[in-house]
Number of protein chains: 2
Amino acid sequence: MMTSEKLANIIRGRGYKLTPQRRAVLRVIARSRDHLTPGAIYERVRKEHPGIGLVTVYRMLELLADLNLTCRVHTEDGCRSYLMRRPSGHHHHIMCTSCGRVVDFTKCDLSELQQRVSEKSGFKIEGHLLQFNGLCQECREKTGAGGPFRTGKVW
Amino acid sequence: MMTSEKLANIIRGRGYKLTPQRRAVLRVIARSRDHLTPGAIYERVRKEHPGIGLVTVYRMLELLADLNLTCRVHTEDGCRSYLMRRPSGHHHHIMCTSCGRVVDFTKCDLSELQQRVSEKSGFKIEGHLLQFNGLCQECREKTGAGGPFRTGKVW
DNA sequence: TATTAATTGAAAAAGATTTTCAATTAACTC
DNA sequence: GAGTTAATTGAAAATCTTTTTCAATTAATA
Ligand SMILES: [Mn+2]
Ligand SMILES: [Mn+2]
Ligand SMILES: [Zn+2]
Ligand SMILES: [Zn+2]
């Protein structure tokens, strides 16, 4: 669990000033279990720190991404930079195409596939992005098997 | 190989009018081996069809995505909707973090992983997004092992 | 050729993100 | 507890990207 205190220490440890604005952003991100847009983060942060500028939120999000403390998730249509906290090292997500809920999973062995792809393509592979898309239990129950948002899209 | 003629037939077959503007967009997309932004596509299309509106390009790209004839790729930082033609059904890509080159691969068996993730999470999984990131052979040779763009980022 | 619904493109609107720059302040030193 | 200083902040403007509107045009069909 990445508390905002731990995040704060990392920030300071890297030589960045720890401002009340930054603390507020850290709290919001550390606490959320969902991915949030910059705008959504801004709205939440404002409740704890009215007067904070949207620019500051953007700058903080950039810093967090640079420090690898957040990662992006990718929605089906629009592809804005949604963010979520990253609990630990390497991880992946499942996203509900209906409600947007995101669940992490960490265990995944792609090494064999990666090896084969690397050999065939000549690439030196350094990372990957893996995200399953589907319907969460709740949405399935709510809308019946399949549900109204079922697109059948394949990535 | 998806020629622009084949694409044109699909478009018409689905009951859409085949305009010179649409033909021009199809040619650009079918010919390119790279992913392109809407803006980049617009620039190229203008050379063959000066006077085409950017809006028309956007509309055509939306149509192609709806018909599942294109798919998006995701760059490391900015996450705009880059597009590339989709040669056939289900597929994935490898992207060079240095030059942006994209290579497809179609063979990948995630069914076992998908099954396990589905059981654990309760999601009904309907699709996935898989993209390896790394350095292509050319960029590796050009810049030495690792290369200057190596970020070590993990998704 | 006439009909008609789909398509186009200019312009405006809406959004998202970045740049600028003067004022503020966290961290450090004395 | 001051004083110093470079980093940080936020208002405003600038940039970009994407969407909406709507009147004019046109591909498809008869
Ligand atoms: Mn994306
Ligand atoms: Mn991973
Ligand atoms: Zn759901
Ligand atoms: Zn390359």
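Chain letters run A, B, ... following the sequence lines, proteins first, then strands; residues in each count from 1. Note that these values count all heavy atoms, side chains included, but never hydrogens, waters or copies made by symmetry.
- To the nearest 0.5 Å, atoms CG (B:L26) and CG (B:L18) are separated by 7.0 Å.
- Spacing between atom CD of A:E62 and atom P of D:dT9 amounts to 13 Å, rounded to whole angstrom units.
- Residue A:Y16 places its side chain closer to D:dT8 than to any other of C:dA5, D:dT8, C:dT8.
- The side chain of A:R59 has C:dT20 as its nearest neighbour among C:dT20, C:dT25, C:dT7.
- If you take CZ of B:R12 and P of C:dT7, they are 13 Å apart, rounded to a whole angstrom.
- Here the rule is side chain to side chain donor-acceptor pair (under 3.5 Å) with A:R27, and of A:E5, A:H49, A:E48 only A:E48 fits it.
- Put simply, CG on A:L63 is 11 Å from C1' on D:dT8, counting in whole angstrom units.
- Across all strands, B:L54 comes closer than 4.0 Å to base atoms (heavy-atom distances).
- If you measure from atom OH of B:Y42 to atom C1' of C:dA10, you get 11 Å, rounded to the nearest angstrom.
- Comparing D:dT17, D:dA28, D:dA7 by their nearest atom to the side chain of B:Y58 picks out D:dT17.
- You'll find that the side chain of A:T19 is closest to C:dA26, out of D:dT18, C:dT17, C:dA26.
- Of the candidates D:dA6, C:dG9, D:dA11, D:dA11 carries the atom nearest the A:V55 side chain, counting heavy atoms from C-beta on.
- Here the side chain of B:S121 pairs a donor or acceptor atom with the backbone of B:V117 at under 3.5 angstrom.
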Exercise for the section: Evaluate salt bridge (Lys or Arg N to Asp or Glu O under 4.0 Å) for B:R59 paired with B:E62, printing each intermediate quantity in order. Expected result: CA-CA 5 Å; B:R59 286 192 277 233; B:E62 197 186 352; over 6 Å; no
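- The nearest heavy atom of DNA chain D to A:V57 and to B:L18 marks one nucleotide each, and the one closer to the 5' end goes with A:V57.
- Linking ILVMFWY residues whenever their side-chain heavy atoms come closer than 4.5 Å, directly or via other members, leaves B:V55 and B:V45 in distinct clusters.
- No engagement by A:R23 is indicated, since no non-hydrogen atom pair under 4.0 Å with the nucleic acid exists.
- Here C:dG9 is the nucleotide among C:dA27, C:dG9, D:dA27 with the atom lying nearest to any side-chain atom of B:Q21.
- Regarding B:M60, its CE atom lies at a distance of 17 Å from the P atom of D:dT18, rounded to whole Å.
- Both A:P20 and B:G39 lie near DNA chain D, and the one whose nearest nucleotide falls closer to the 5' end is A:P20.
- For A:H49, the side-chain atoms get nearest to D:dG10 when compared with the rest of C:dT7, D:dA6, D:dG10.
- Between A:R46 and A:E43, at least one side-chain N (NZ, or NE/NH1/NH2) sits under 4.0 Å from a carboxylate O, which counts as a salt bridge.
- Nearest nucleotide to the A:T56 side chain, out of C:dA26, C:dT7, D:dT9: D:dT9.
- Separating the CZ atom of A:R14 from the P atom of C:dA27 is a distance of 17 Å, rounded to the nearest angstrom.
- One interatomic measurement links the two molecules: CG of A:D66 to P of D:dT8, which rounds to 12 Å at whole-angstrom precision.
- Computed from coordinates, the A:I11 CD1 to D:dA7 P distance equals 16 Å when rounded to whole Å.
- B:G51 comes within 4.0 angstrom of sugar-phosphate atoms only, judged by non-hydrogen atoms across all strands, and of no base.
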